[in-house]
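So the structure is just underneath, and the comments pick up after that.
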Number of protein chains: 2
Amino acid sequence: MRLVIARCSVDYVGRLTAHLPMAPRLILIKADGSVSIHADDRAFKPLNWMNPPCKLREETVADGPDQWTVTHGKSGEKLVLTIEEVMHDTSHELGKDPGLQKDGVESHLQELLAEHITTLGEGYTLIRREFPTAIGPVDILCRDAGNATVAVELKRRGDIDGVEQLTRYLELLNRDPQLAPVRGVFAAQEIKPQARVLAEDRGISCVVLDYDALRGIEPDVLRLF
Amino acid sequence: MRLVIARCSVDYVGRLTAHLPMAPRLILIKADGSVSIHADDRAFKPLNWMNPPCKLREETVADGPDQWTVTHGKSGEKLVLTIEEVMHDTSHELGKDPGLQKDGVESHLQELLAEHITTLGEGYTLIRREFPTAIGPVDILCRDAGNATVAVELKRRGDIDGVEQLTRYLELLNRDPQLAPVRGVFAAQEIKPQARVLAEDRGISCVVLDYDALRGIEPDVLRLF
DNA sequence: GCCTATATGTCGCAG
DNA sequence: CTGCGACGTATAGGC
C-alpha cells in the first residue's frame, strides 16, 4: 500500500465525466493496483477512484507537473491525475487480509420469525422457509388461522423494491390452484411510508417486526419451561 | 488527515456485529472525525468504518495493547480497535476540498430535457419537473401535441427498475381523471434490451437521449440568434 | 431534522 | 457473462 499526500487535480472519464480542481489530497494506491483519492472528510466514499483490475502509469513531464494515468482494463475508464506537489510518499507491506467476519441479521430475522410465526397472527402455521418458485424463493410461506396461504417477504428495511418482489411472488403463487388464494404480508423492522402505501394499495398487509422482542421470546420460553 | 499503519483487530457493533482479526492495516482518521480501516485491496470500500458525526477516544492500557473506540453520536454504533503495533503514524493538513464537478448525471439530464422538451416530439409542452405523487415524484410530466398527458421517467442507464418505476406512476396517474389518460415515455442515454422489451410490452415508448446533442442545442441556439 | 432518490454505487451469487 | 438482490449501503437534495 502506497500513501501519497499531494496537491493534485483529477479528471475521470468513464461512466461519467468528472473533474477535481487542484488541491491537497490523499492518494491511496493498493497492492491490487486500485487507486482512490480521498479528501479530509467522509469515511466511506472516495472523491474519485478506480477499481481493480486497473493499471497505473506515472509520467514525468519535462517542463510541467507529473501526470499519473490509471486505466481500467475492460471498460476503458480512465483517471488522470496531475501532480503539482508531493508532500508525502510512503509504501507499506501489509500482506493479505484475513477478512471480515460478519454476524448476519437478515437470516437470523427469518429464523426467528419462522420459529415464532404466530407473531403475524394467532393460529398461523409455517409451511416452509425459502419456499422455492420459478422466480426465486419466497422468504416464508405459511397458513393463517383460516388455513389460507400467506406469502411473507422479509426485509430489514421495507422499501418499494420489496413490495415489488412480493407482488411478483404473489402473482406466481396465485396461479397454483394448490395454494391459491395467496395473501401477502410485507414484514420488516422498518417500513418506508411509500412502501406502505404501495403495499396496502395492492392488498398486501404490512407488519413491523421488533427484532429485540422476537429475540426475547426464546429466552422467555426457555425460562418458563 | 491522519494516516496510521498498524497491526490491529477491529470489532464493530451496530447495525450488525462484525470482527476483524489482528493484521496490519491502514487506519484513516479524517478531519471530520470519521474513521475507516483499509486492507491492501479494493479501492472503494473500507473493511470497516464509522461515518461522521462520530468521536474517537484513544486509551492507553497499562499492561496491554492500546484501545481506540469510535462512537457514533446518534445511533450508538461503536467501533473498537485494538492496536498491537504502530508501524506508521503521520498527520497532514489538507484543508477543505473544492469538491467534485460531475457531468452527465440524471439531474442535469432532467434539466436539459425539460428545457428542450420537444426532443420527445414536436408540440410537446412541459407541465412540470418532479411532479409529486403519493409514491414519489415523476421526473417529468408534460403534454404531447394532442394535449394528452405524458409521464417521463429519466435515467442515465435505462434498466428494468426504471420501467417498473414508470409503470407504478402511470397506474397511479391514470386514476386521476384530471390527467388520464397518461402515456409513458422511458428516456435514457442507454436502454438495456430487456428494459426496452418490457417497456414496449407495456405500451411505454423508449427514447434514447444523446447527452452531447442535448447539451449542444443551447450553444447552437445561441450561435444562431 | 427527517425523508427519498441517486450512485462512476460495490459486492456476491446464481443461472 | 448477466441479472438480481443486499449492503452497517453512503450521500445529496427537498420539505
Side-chain angles (χ1 to χ4, degrees), chain A residues 10-20 34 36-37 41-52 54 70 72 74-79 100 102-107 109 132 134-137 139 153-157 159-162 164-165 168 189-197, chain B residues 10-18 34 36-37 41-52 54 70 72 74-79 99-100 102-110 129-130 132-139 153-157 159-162 164-165 192-195 198:
Chain A
V10 186
D11 286 281
Y12 166 74
V13 180
R15 282 171 276 186
L16 58 66
T17 303
H19 173 75
L20 275 174
S34 65
S36 56
I37 295 131
D41 61 352
R42 276 155 303 169
F44 193 81
K45 199 183 182 232
L47 286 166
N48 251 324
W49 69 94
M50 191 66 79
N51 288 329
C54 61
V70 191
H72 188 87
K74 210 51 165 286
S75 60
E77 290 168 289
K78 202 184 279 192
L79 204 59
L100 187 64
K102 285 187 193 177
D103 193 0
V105 170
E106 176 90 23
S107 61
L109 202 60
I135 55 169
D139 287 342
E153 177 63 36
L154 199 59
K155 292 270 182 263
R156 199 173 60 72
R157 274 176 83 221
D159 223 329
I160 265 183
D161 285 0
E164 293 288 9
Q165 201 176 335
R168 289 195 296 272
Q189 284 184 269
E190 179 202 349
I191 294 180
K192 295 273 159 179
Q194 287 194 357
R196 181 180 291 275
V197 168
Chain B
V10 186
D11 287 281
Y12 165 75
V13 180
R15 282 170 277 187
L16 59 67
T17 304
S34 65
S36 56
I37 295 130
D41 60 354
R42 277 156 300 167
F44 191 83
K45 198 181 180 229
L47 286 165
N48 250 324
W49 69 95
M50 190 66 79
N51 292 327
C54 62
V70 191
H72 189 86
K74 208 47 166 289
S75 60
E77 291 168 288
K78 201 183 281 192
L79 203 60
L100 187 64
K102 286 186 194 182
D103 203 1
V105 287
E106 190 193 304
S107 62
H108 194 201
L109 261 178
Q110 194 188 106
R129 290 168 49 189
E130 302 286 344
T133 78
I135 55 168
V138 179
D139 287 341
E153 177 63 36
L154 201 59
K155 289 275 181 257
R156 200 170 51 71
R157 251 176 104 227
D159 227 328
I160 269 183
D161 281 5
E164 293 288 7
Q165 199 177 338
K192 293 272 159 173
Q194 281 198 354
L198 183 65

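What you see is a predicted model, and the numbers here were worked out from it, not measured in a lab. Order of the sequence lines sets the chain letters (A, B, ...), proteins ahead of strands, with each chain counted from 1.
- With sequence neighbours left out, the side-chain contact (heavy atoms from CB on, under 4.5 Å) criterion links A:Asn51 to A:Trp49, B:Ala43, B:Phe44.
- Between the P atom of D:dC7 and the CG atom of A:Leu154 lies a distance of 11 Å, rounded to the nearest Å.
- The same atom, C1', is picked in C:dA14 and in D:dG8; the two are 24 Å apart, to the nearest Å.
- Considering only residues two or more places apart in sequence or on other chains, A:Lys45 meets the salt bridge (Lys or Arg N to Asp or Glu O under 4.0 Å) condition with none of them.
- Applying the side chain to side chain donor-acceptor pair (under 3.5 Å) rule to A:Ser75 yields the partners A:Glu77; only residues at least two apart in sequence or on another chain are considered.
- Distance, B:Glu130 CD to D:dG14 C1': 9 Å, rounded to whole Å.
- Applying the 4.0 Å criterion to OP1 and OP2 of D:dC4, one finds that A:Gln165 has every side-chain N and O outside that range.
- With sequence neighbours left out, the side chain to side chain donor-acceptor pair (under 3.5 Å) criterion links A:Asp41 to no other residue.
- Considering only side-chain N and O atoms, A:Lys192 lies nowhere under 4.0 angstrom from the phosphate OP1 or OP2 of C:dC3.
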Would you give a per-nucleotide map of nucleotides 7-15 of chain C, 5' to 3', where B means the base has a protein non-hydrogen atom under 4.0 Å away, S means only the sugar-phosphate does, and - means neither?
SBSSS----

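- The nearest whole Å value for the distance from the NE2 atom in B:His108 to the P atom in C:dA5 is 23 Å.
- Residues A:Arg42 and A:Leu47 form a side-chain contact, since some pair of their non-hydrogen atoms from C-beta on lies under 4.5 Å apart.
- If you measure from atom CG of B:Leu109 to atom C1' of C:dA5, you get 15 Å, rounded to the nearest angstrom.
- Whole-Å rounding puts the A:Asp159 CG to C:dT6 C1' distance at 13 Å.
- Contact detail for A:Arg15 and B:Arg156: the closest heavy-atom pair is O-NH1, 3.4 Å.
- Considering only side-chain N and O atoms, A:Arg168 lies under 4.0 angstrom from the phosphate OP1 or OP2 of D:dG5.
- Straight-line distance from the CD atom of A:Glu153 to the C1' atom of D:dC4: 13 Å, rounded to whole Å.
- Computed from coordinates, the A:Ile191 CD1 to C:dT4 P distance equals 13 Å when rounded to whole Å.
- Per the geometry, CZ belonging to B:Arg129 stands 13 Å off P belonging to C:dT6, to the nearest Å.
- Taking only side-chain nitrogens and oxygens, B:Lys155 comes nearer than 4.0 Å to OP1 or OP2 of C:dT6.
- Under the rule for a side-chain contact (heavy atoms from CB on, under 4.5 Å), the partners of B:Gln194 that lie at least two apart in sequence or sit in another chain are B:Ile160.
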